[in-house]
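Remarks on the structure that follows.
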Protein chains: 2
Amino acid sequence: MKDIARDLGVSQMTVSKALRNHSDISEKTRERVLKRMRELNYQPDWIARSMVTKRTYLVGLVLPDLMHSFFAEVAGGVTRKLQPLGYQVVISNTEENAETERTHVANLINRKVDGFIIASAQRSGQEEPFRLLDKSEIPYVLIDRLIPGVEATYVGVKDEDLGELATGHLIGLGCKRIAHIRGPNVSTGVGRLRGYRKALTKRKMPVRNEYIVSGQHGDSTGYDAMLQLLKANPRPDGVFCYNDPVAAGAIKAALELGMRVPEDIAIIGAGNVHYSDLLRVPLSTVDQSSSIIGEKAAELLSERMESKKPLPVERVFIPPRLVLRESSNRRTA
Amino acid sequence: MKDIARDLGVSQMTVSKALRNHSDISEKTRERVLKRMRELNYQPDWIARSMVTKRTYLVGLVLPDLMHSFFAEVAGGVTRKLQPLGYQVVISNTEENAETERTHVANLINRKVDGFIIASAQRSGQEEPFRLLDKSEIPYVLIDRLIPGVEATYVGVKDEDLGELATGHLIGLGCKRIAHIRGPNVSTGVGRLRGYRKALTKRKMPVRNEYIVSGQHGDSTGYDAMLQLLKANPRPDGVFCYNDPVAAGAIKAALELGMRVPEDIAIIGAGNVHYSDLLRVPLSTVDQSSSIIGEKAAELLSERMESKKPLPVERVFIPPRLVLRESSNRRTA
DNA sequence: TTGAAAGCGCTACCAT
DNA sequence: ATGGTAGCGCTTTCAA
């Protein structure tokens, strides 16, 4: 930058302003500066700039599991929106570990990212990362998972509605003994479970504890959970699974035990991941508009990053939507 | 930092050194500094530090498609290795677009990342990002895809071997008319195609052009490619697909047309993505050790980032490994 | 073992 | 429309 100024016989200031299309710099000078800049192949130093402006144009995207394509899609939505605005996205994969999440968030705060989008792996009662965030005054948006006790802008579905929708669908199919493979102890897991209970209760169907087993994330665990479920007597004839990966594992287990899906047991998941249609039995699911969640979150965050004063907390709920495929394709009994 | 110094009646320098365990600062002083640091909840400013040290502890990870779980797994491997060393990983998703890749790489160079790991979407003849990189002197490691004309450290499989292995397997099964759904015009696509040809030629089997169709990435395209393939007369009885997502689509198409897999047509993919076992027909595939690729690349890169002088170019080839499942489970004819 | 001075590359602020 | 001064928060170099 100094070189350009020297070469052109103007001050460094003029150059600095010209490069940023600052208020009133004559067209002519700007042209000259830009020309020389290209000649020298000069690129402004983001770090030095950040140091004085206090803006890094970095955004932290904190996700529990990149391998789960729901989150990969969210990440796609976020970057698609944020890149054109000049932000770079730093993805932190917490592997569903609250402690990892805490350190990553602390790190990113030190790095002075301009904002956060977080699908948190914190269990209830652990709000430390959010206290750090609030203290740092860096704006952030929660996605997918709400954290009790944390008042923050959020984008996601109402998980209770999702659970009720899925369970209600199974009931409508004529299933009499509906089980649930539940997720982890975060708002999504808890909410979907609550929706499941609610749907049953509303129709005056009993909620049986042996029909609720834990699945967590991943494929093999859905498999294990289903094996356990099928030990119950009588066996369930419908299962609402916490998410699609779990459901995929569940289908595998059911088939291995010689059951037919959906004839003997109907199965529905959640998330509508891209390969659900290609599974052993194409999977009915509840779509959560994953990439829209990412885009919307990016939008809300960028408003908050641009704004001088803190913007009000906003909660955006995206309506869940049934996607029916073979795994629940059954005539009403 | 100044505050700590003032409070303790020492110089800012002493504090700076104490915090970095610099050479010889008395134990006592260090303790005092650390204590006060915790009290004030002080965190060093990475940006200011970067400005003078010229190290950002950021690594750019440039991938063509996060939705493809092969790359998601690679990303997992990379971050798992790099986080503990104090690096943050900035993931850039180029969506298989050479132009996007170019701008992202340029951006990240400006941001002074310390190194790059790249699975490039550049087609042959486009080496611009790499010329930028070479000029910037930032170390980088290529993964998965080699770029002709770019001499760089690389981690991946020998795609020709992979193609030969997969095709050879189909031949061993007794398939007589083996087709290939080929990938994009990058080293992986080209190499696998070459391996396919080689395997056939070696066994003196004919290479028929109508048995080679283009699949690209994604699910529906594998589906489309298979539909096209099945118009051939006679129909192929074995297909080697560029990767698992393509193969998943291909299976769907074959089944829809009433063919049995593997009885009428055997199918094999590549990449061993995590859901391959859960597909309509569990998919035989060639494993590429995706997360090991990520880890190894991270290792090579960190050596190069720590080293003062440029380290020699290294090429690490991970041997491909057959994973046999139902989609190619057939008695030898 | 500790500290003072200088400067990294840029921009904010205020003058001209 | 242009420029001078100061300073962001840290580290490096060299002196005490």
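Here is the naming used below: chain letters follow the sequence lines, and residue numbers restart at 1 for every chain.
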Whole Å only: how far is the CG atom of B/L19 from the P atom of D/dT12?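 Rounded to whole Å, this separation is 13 Å.
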Nearest-Å distance for atom pair CZ/C1', residues B/R30 and C/dT2: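 Computing the B/R30:CZ to C/dT2:C1' distance gives 14 Å.
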Give a yes-or-no answer on whether the side chains of A/E101 and A/Q122 include a donor-acceptor pair shorter than 3.5 Å.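 A/Q122 and A/E101 do have a side-chain donor-acceptor pair below 3.5 Å.
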Taking atom types as modelled, is there a side-chain donor on A/Y154 or A/D144 under 3.5 Å from an acceptor on the other?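 Short answer, no.
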So what does B/T29 touch, heavy atoms closer than 4.0 Å: a base, only the sugar-phosphate, or nothing?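 Sugar-phosphate: the residue B/T29, judged by heavy atoms under 4.0 Å, touches backbone atoms but no base.
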Under-4.0 Å side-chain N/O to phosphate OP1/OP2 contact, B/T14 with C/dG3: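 Checking C/dG3 against B/T14, a side-chain N or O does come within under 4.0 Å of OP1 or OP2.
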Tell me whether A/E306 is salt-bridged to A/R55, with the criterion being a basic N under 4.0 Å from an acidic carboxylate O.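 Here A/E306 pairs with A/R55 in a salt bridge, since their nearest N and O are under 4.0 Å apart.
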Let me check the geometry of the helix from C/dT1-D/dA16 to C/dT16-D/dA1. What is the bend angle between the axes at its two ends, five pairs each, to 10°?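 Inter-axis angle at the termini of the helix from C/dT1-D/dA16 to C/dT16-D/dA1: 30°.
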Would you say that B/V155 contacts B/V141 through its side chain, given a criterion of any heavy-atom pair below 4.5 Å between the two side chains?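 Yes, side chains in contact.
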Non-hydrogen side-chain atoms of B/K112 and B/K54 separated by less than 4.5 Å: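 Counting from C-beta outward, B/K112 and B/K54 never come under 4.5 Å.
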At under 4.0 Å between heavy atoms, how does the protein contact nucleotides 7-16 of chain C? Give one character per nucleotide, 5' to 3', with B, S or -. -BBBBB----
Run the numbers on A/I318 and A/Q288 for side-chain contact (heavy atoms from CB on, under 4.5 Å), then give the verdict. CA-CA 7 Å; A/I318 310 230; A/Q288 304 175 58; over 6 Å; no
Using the side chain to side chain contact (heavy atoms under 4.5 Å, CB included) criterion, which residues pair with A/S290? Sequence neighbours excluded.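 A/S290 satisfies side chain to side chain contact (heavy atoms under 4.5 Å, CB included) with A/F70, A/E73, A/V74 only.
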State the CZ-CD distance between B/R111 and A/Q43, to the nearest 0.5 angstrom.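 The CD atom of A/Q43 is 12.5 Å from CZ of B/R111, to the nearest 0.5 Å.
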